[in-house]
Amino acid sequence: MIAENVRQILRELPDGVELVAAAKGRSPREIVEAIEAGVRLVGENYVQEAQAALERVGRRARWHMIGHLQHNKVKGAVEIFDMIETVDSRRLAREIGRRCQALGKTMPVLIEVNSGREPQKTGVPPERVETLAAEIAALEGLELQGLMTMGPRFGDPEAARPFFQETRRLFEGLRAGAPQGVTMRYLSMGMSNTYRVAIEEGANLVRIGTRIFGERPDDPREGR
Ligand SMILES: *Cc1c(COP(=O)(O)O)cnc(C)c1O
């Protein structure tokens, strides 16, 4: 019951917190059902999958890139997405800026923070966020608007709290001393298992897949 799930989540979210429907592996029909129930933002992990979904679903929603973005996929990504939540290097930021300038647009971006400092995870370690923020602020074609983090996905949601708290501290720090031209507006944290904790810790974008669309058959239960 996708529509019912969406309506329940939307009722539960405090004012000012926006829902991103994490749609990897879902069909355009499922995405449309979520949109018709009130979803405004759709998150995709892969450029090709997003292209296919966008063709069928259209611009009834805004599209967020929430997966790791490869350098050679940036050209396609900047044509599709309304926000890229997963910038984690200066090199990637430069390529996004370059491609956007060629299209005459400015891409809102978030820095993905590897708040757990897990070597196998994407995102920049917390101690490098400030430097990357300054580097992005100096580039044309993209606009830094906040931070995103994953945190642990399974197990006790409380285990994610320290990671969300650390990301929040970084967010507040950047907000206070924001480089010129940067307004830190979005803190994207929390998934199906952890979004309540994330909201308590200041998230205003939550990325929810399973609780909307149900379990994915091929879901790797990492960390179990
Ligand atoms: C899949 C995914 C989510 C949603 O995870 P669920 O546990 O299905 O809610 C959120 N963020 C990212 C980056 C994802 O890849």
Side-chain angles (χ1 to χ4, degrees), residues 1-10 12-13 17-27 30-31 33-35 37-50 52-53 61-70 73 77 80-89 92 108-116 118 120-124 145-161 163-164 167 186-199 201-224:
M1 280 303 5
I2 292 172
E4 186 47 39
N5 293 342
V6 168
R7 282 193 288 267
Q8 235 174 51
I9 294 166
L10 289 177
E12 192 189 320
L13 293 185
V17 178
E18 290 180 80
L19 171 64
V20 178
K24 58 177 170 286
R26 313 300 181 171
S27 69
E30 291 173 294
I31 297 172
E33 190 176 341
I35 292 170
V39 161
R40 298 275 166 270
L41 307 170
V42 176
E44 289 282 1
N45 291 61
Y46 306 101
V47 173
Q48 259 181 319
E49 196 178 322
R62 298 172 68 78
W63 297 80
H64 283 207
M65 177 59 172
I66 63 171
H68 181 64
L69 180 55
Q70 288 171 330
K73 299 282 166 64
I80 299 174
F81 290 109
D82 300 293
M83 179 184 280
I84 296 175
E85 296 199 15
T86 47
V87 174
D88 65 356
S89 72
L92 179 60
V109 302
L110 309 183
I111 292 176
E112 181 180 352
V113 185
N114 180 357
S115 53
E118 298 162 272
Q120 75 280 18
K121 287 270 171 73
T122 54
V124 290
Q145 295 191 348
L147 302 181
M148 177 274 215
T149 200
M150 297 273 286
R153 219 183 120 204
F154 301 114
D156 182 359
E158 281 299 325
R161 191 181 296 276
F163 304 104
F164 295 156
T167 308
Y186 296 109
L187 186 53
S188 176
M189 313 192 293
M191 302 179 273
S192 291
N193 194 34
T194 55
Y195 71 93
R196 292 189 183 90
V197 173
I199 291 168
E201 298 304 337
N204 58 14
L205 280 180
V206 290
R207 310 177 309 272
I208 298 179
T210 310
R211 257 218 75 198
I212 294 176
F213 298 107
E215 297 283 342
R216 287 182 301 278
D218 59 340
D219 200 355
R221 308 301 270 184
E222 28 163 350
R224 278 212 169 158

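All ligand and atom numbering here is 1-based and tracks the order in the structure.
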S.K.: Run the contact test for Arg216 against ligand 1 with a 4.0 Å cut-off on heavy atoms, strictly below, and give the result.
M.R.: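 Judged by the 4.0 Å heavy-atom criterion, Arg216 does count as contacting ligand 1.
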
S.K.: Out of Arg207, Glu44, His64, indicate the one that has the non-hydrogen atom closest to atom 11 (N) of ligand 1.
M.R.: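 The nearest heavy atom belongs to Arg207.
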
S.K.: Mind checking what makes side chain to side chain donor-acceptor pair (under 3.5 Å) contact with Glu12, not counting sequence neighbours?
M.R.: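 By the side chain to side chain donor-acceptor pair (under 3.5 Å) rule, Glu12 matches Tyr195, Arg196.
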
S.K.: Quick test of your reading of the model: are Glu49 and Lys24 salt-bridged, counting only N-O distances below 4.0 Å?
M.R.: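 The answer is no: the pair does not qualify as a salt bridge.
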
S.K.: Going from CG on Leu41 to CG on Leu205, what distance comes out if it is rounded to the nearest 0.5 angstrom?
M.R.: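 Nearest 0.5 Å value for the CG-CG distance: 7.0 Å.
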
S.K.: Is it the case that the side chains of Glu112 and Thr149 hold a donor-acceptor pair, with the cut-off being a distance below 3.5 Å and no angle test?
M.R.: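 Glu112 and Thr149 do not have a side-chain donor-acceptor pair below 3.5 Å.
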
S.K.: Would you mind listing which atoms of ligand 1 come within a distance below 4.0 Å of any non-hydrogen atom of Met150?
M.R.: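 Under 4.0 Å from Met150, ligand 1 has these atoms: 12 (C), 13 (C).
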
S.K.: Could you walk me through whether Ile84 and Leu110 pass the side-chain contact (heavy atoms from CB on, under 4.5 Å) test, one step at a time?
M.R.: CA-CA 6 Å; Ile84 296 175; Leu110 309 183; over 6 Å; no

S.K.: Has Arg211 got any heavy atom lying under 4.0 angstrom from an atom of ligand 1?
M.R.: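 Heavy atoms of Arg211 never come under 4.0 Å of ligand 1.
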
S.K.: Do any N/O atoms on Met191 end up under 3.5 angstrom from N/O atoms on ligand 1?
M.R.: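 No: no nitrogen or oxygen of Met191 is under 3.5 Å from one in ligand 1.
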
S.K.: Taking only heavy atoms of Asn45 into account, list the atoms of ligand 1 that are under 4.0 Å away from them.
M.R.: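 So the atoms of ligand 1 that pass are 14 (C), 15 (O).
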
S.K.: Side chain, backbone, both or neither: which part of Ala22 comes within less than 4.0 Å of ligand 1 when only heavy atoms are counted?
M.R.: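 Side chain only; the backbone of Ala22 stays clear of ligand 1.
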
S.K.: For Asn193 and ligand 1, answer yes if some heavy atom of the residue is under 4.0 Å from a ligand atom, otherwise no.
M.R.: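 Contact absent.
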
S.K.: Regarding Glu215 and Thr210, do their side chains bring together a donor and an acceptor under 3.5 Å, going by distance alone?
M.R.: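 Checked: Glu215/Thr210 side chains show no N/O donor-acceptor pair below 3.5 Å.
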
S.K.: Does an N or O from Lys24, backbone or side chain, lie closer than 3.5 Å to an N or O of ligand 1?
M.R.: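 So ligand 1 has an N or O lying under 3.5 Å from an N or O of Lys24.
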
S.K.: Which atoms of ligand 1 have any heavy atom of Ile208 under 4.0 Å away?
M.R.: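 Counting from 1, the qualifying ligand atoms are 9 (O).
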
S.K.: Judging by distance only, is a nitrogen or oxygen of Thr210 under 3.5 angstrom from one on ligand 1?
M.R.: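 Yes, since at least one N or O of Thr210 sits under 3.5 Å from an N or O of ligand 1.
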
S.K.: If the condition is side chain to side chain donor-acceptor pair (under 3.5 Å), which residues does Glu4 pass it with, not counting sequence neighbours?
M.R.: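 Result, side chain to side chain donor-acceptor pair (under 3.5 Å) vs Glu4: none returned.
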
S.K.: Are there over 12 heavy-atom neighbours, none belonging to Arg211, within less than 6.0 Å of that residue's CZ?
M.R.: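 It does: Arg211 CZ has more than 12 such atoms within range.
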
